[in-house]
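Labels below follow one simple rule: chain letters A, B, ... track the order of the sequence lines, proteins then strands, and each chain is numbered from 1. Keep in mind it's a predicted model, so treat the numbers as computed, not measured.
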Amino acid sequence: MSTGSLDVVVAGAGRVGLRTVRILREYGHSVTVVERDRDRCEEISDEYLATIVEGDATHPDTLRQANLDDADVLAALTGNQGANLGICVAGTRIAEGELRTVARIEDEGAESYREIVDDVVFPEELGAVGAANAAIGGDVRAFEEVAGDLRLLEVRVQEGAPAAGKTLSSVSLPRGSLVVSDEVADGIPRPEMELRPGHTYIIAAEPAVADEVLNLMQG
Amino acid sequence: MVGMGAMIGAGIFVLTGLAAEIAGPAAILVFGLNGVVTTFTALSYAELASAIPQSGGGYAFVKEVFAPASSFVMGWMLWFAYTIAGALYAIGFASNFVEFLSLFGVHVPETARLLGVTIPVAEIGFAVGIVGLLAALNAVSTSASGGAETAVTLVKIAILLVFAGFGAFAAEPGEFTPFFPAGELSVVPAMGLTFIAFEGYDLIATVTEEVENPRKNIPRAIFLSLAATIVIYLLVVYVAIGTLGAERLGAAGETAIAQAAESFMPAVPLLGSGASLIAFGAVFSTVSALNAVVLASSRVAFAMGRERQLPPDFGRLHSKYGTPFRAVLVSAGIMAVSVVGLPIQQVGNLSSLFFLLSFVVVNASVIRLRRERPNVTRPFEIPLYPAPPVLGILLNLVIAGYFLVTDPVTWGLAVAWLAFGGGVYLFLERRKDQL
């Protein structure tokens, strides 16, 4: 991770894919979308989020146009598990360089798919956590569930990043962001706390400044 | 507005005199033809900006379309083009500032002799000073740049229209004969020199993410600012030549517009003579253009650092100021060195040459993207494709190639900078492999 900005190809910009693209853009990565549906393409184009290849990602000629040679990650997020695995396999073959692959799956047999792809996502699981939280209605909420206009990020400070080794008081984090806690979560950080490389911190950030925060923490 | 901000003003104030010196009254043709040539490239920018939603201008587009080595070359050229343009505006600022002061009776000792060579100390001092000042502002604050841009641009346009308005009565068509005192071909090198006056729409493309409904508005902004720029330029050049005459205009060099204004502007309350208003406009425009290119050049370097095509330090924000600190300082450093080391024509030529070459690559990107990735959504498509990008490439190459004849030193410097870039690229690639 954290080699500056990533080039991500997202195959399938449905409900999951589109939200993923938005979040990736907030973090300052560049995204190419492959999407079959023309109206959907128009919508993304209006939002000015990504370069769009209109077509079926399971077709190699279409997938090739997503410029996989220069991409770092391919995330297949269509609603069809078989298609997603197929896209990842095809993508790995097409790409000349190294390509991380992520597939959206439909059931919980996650581990066995890791032989084929680098990572899997199971959006329904996250959705279920949120649904359960809402049903209980308590004040305790899962991390992933912080939606709305605030992002909670778990960020590992990289060696040599601008903020590495600095104290909180000497780093000016962008307006709209706040270091909430150290990894060990033993209290609210004081201004003199040092941001130590290799340590993970929890940071609350508004979407507009998320990329600046990541730049300071990870370089 | 940012694009127009950089494009309008500084270019015309600084370059009209230099163009007149080379081509005589045909300078007006020079600006007109340059407008035509850039229109082709503007079309390419509009198509790419609508298809590739990245801020970062030409560099971002080429990165999307070509392999990393080519995008490095593009970034490297564009970065240099902006920094050298900065040097041009800094020199332009300095001479106009001296002119402005002298209108108020303040005379600075213009030259000094050092080791037997006459050096315009005051001008170099002012030029380096303004680069340092703006670099410092941009290095410690992210708000130095945005915000006032629209107002600044409107002020500049207003001043130029005042100039054109009063001058239109004073201009004499007789000054336009003979039209080609230096021969028809002298138009080409003058086009090369003044090409930089039209570089603004790359800037529009660098800030695309901050515009509302960019898909529709970016192409519109590119064409509107180009059209407005061409019209205003032609008016101003017509007036300048019509009042002062090409010869005296050429002799006045980068303060030509201000000097032309002295000949016809009526007295204005508070300021004394109307000419000081125009001289103020020149000073003001060059500062705002310089600010825009300090910002633009550091953004290109920052983007390259983020992509690991420059040392990663360039792609990092400063922990205290939140600005691309290293990128700003190095860009300003190159500007300052060029100000001290190169004569103004050389600076103009060099910057134009690099813009010409990078525009060739941008036009080629359109063609390659269409060929290899036909399914990419293009909200704006170039009419009459493929003629405009092909013409754009050819015409840009002709103008760039002509420098070989008129100014081989510029090409020498350009090749040296590219060779240096090649070394940097190989070094960074090797270091990447070791990691």
Taking side chain as everything from C-beta outward and backbone as N, CA, C, O, which of these in V31(A) sits under 4.5 Å from a heavy atom of chain B? Side chain, backbone, both or neither. backbone
Would you give the length of the straight line joining atom CZ of R373(B) to atom OG1 of T62(A), rounded to the nearest 0.5 angstrom? 12.0 Å
From S45(A) atom OG to R378(B) atom CZ, the distance as rounded to the nearest 0.5 Å: 11.5 Å
What part of L49(A) gets closer than 4.5 Å to chain B, counting heavy atoms only: side chain, backbone, both or neither? backbone
What part of D69(A) gets closer than 4.5 Å to chain B, counting heavy atoms only: side chain, backbone, both or neither? neither
Here the pair of heavy atoms bringing Y48(A) nearest to P53(B) is O-CB, 3.4 Å
Which heavy-atom pair separates L216(A) from H318(B) by the least distance, and what is that distance? CD2-O, 3.7 Å
Is the closest basic N to carboxylate O distance between D70(A) and K63(B) below 4.0 Å? no
Paired with T51(A), the side chain to side chain contact (heavy atoms under 4.5 Å, CB included) test is passed by just one of L369(B), T377(B), V65(B), V376(B), namely V376(B)
Under 3.5 Å donor-acceptor, N375(B) side chain and G55(A) backbone: no
Taking atom CD of E192(A) as the centre, does the number of heavy atoms from other residues, nucleotides or ligands within less than 6.0 Å exceed 12? yes
Close side-chain approach of P374(B) to Q65(A), heavy-atom, < 4.5 Å: yes
Under the 3.5 angstrom rule, does the side chain of R316(B) hit a backbone N or O of G160(A) as a donor-acceptor pair? yes
Sort F66(B) into side chain, backbone, both or neither according to what part of it lies under 4.5 angstrom from a heavy atom of chain A. backbone
Heavy-atom count check: over 12 atoms from other residues, nucleotides or ligands less than 6.0 Å from R368(B) CZ? yes
Do you know which of D7(A), L173(A), V53(A) has the most heavy-atom pairs under 4.5 Å to chain B? V53(A)
For G315(B), does its backbone N or O pair with a side-chain atom of N215(A) as donor and acceptor, under 3.5 Å? yes
Contact class of P312(B) relative to chain A, heavy atoms under 4.5 angstrom: neither
Tell me, side chain or backbone of A164(A) under 4.5 Å from chain B's heavy atoms, or both, or neither? neither
Can you check side-chain contact (heavy atoms from CB on, under 4.5 Å) on T32(A) and E64(B), steps first, answer last? CA-CA 9 Å; T32(A) 304; E64(B) 178 76 27; 3.6 Å; yes
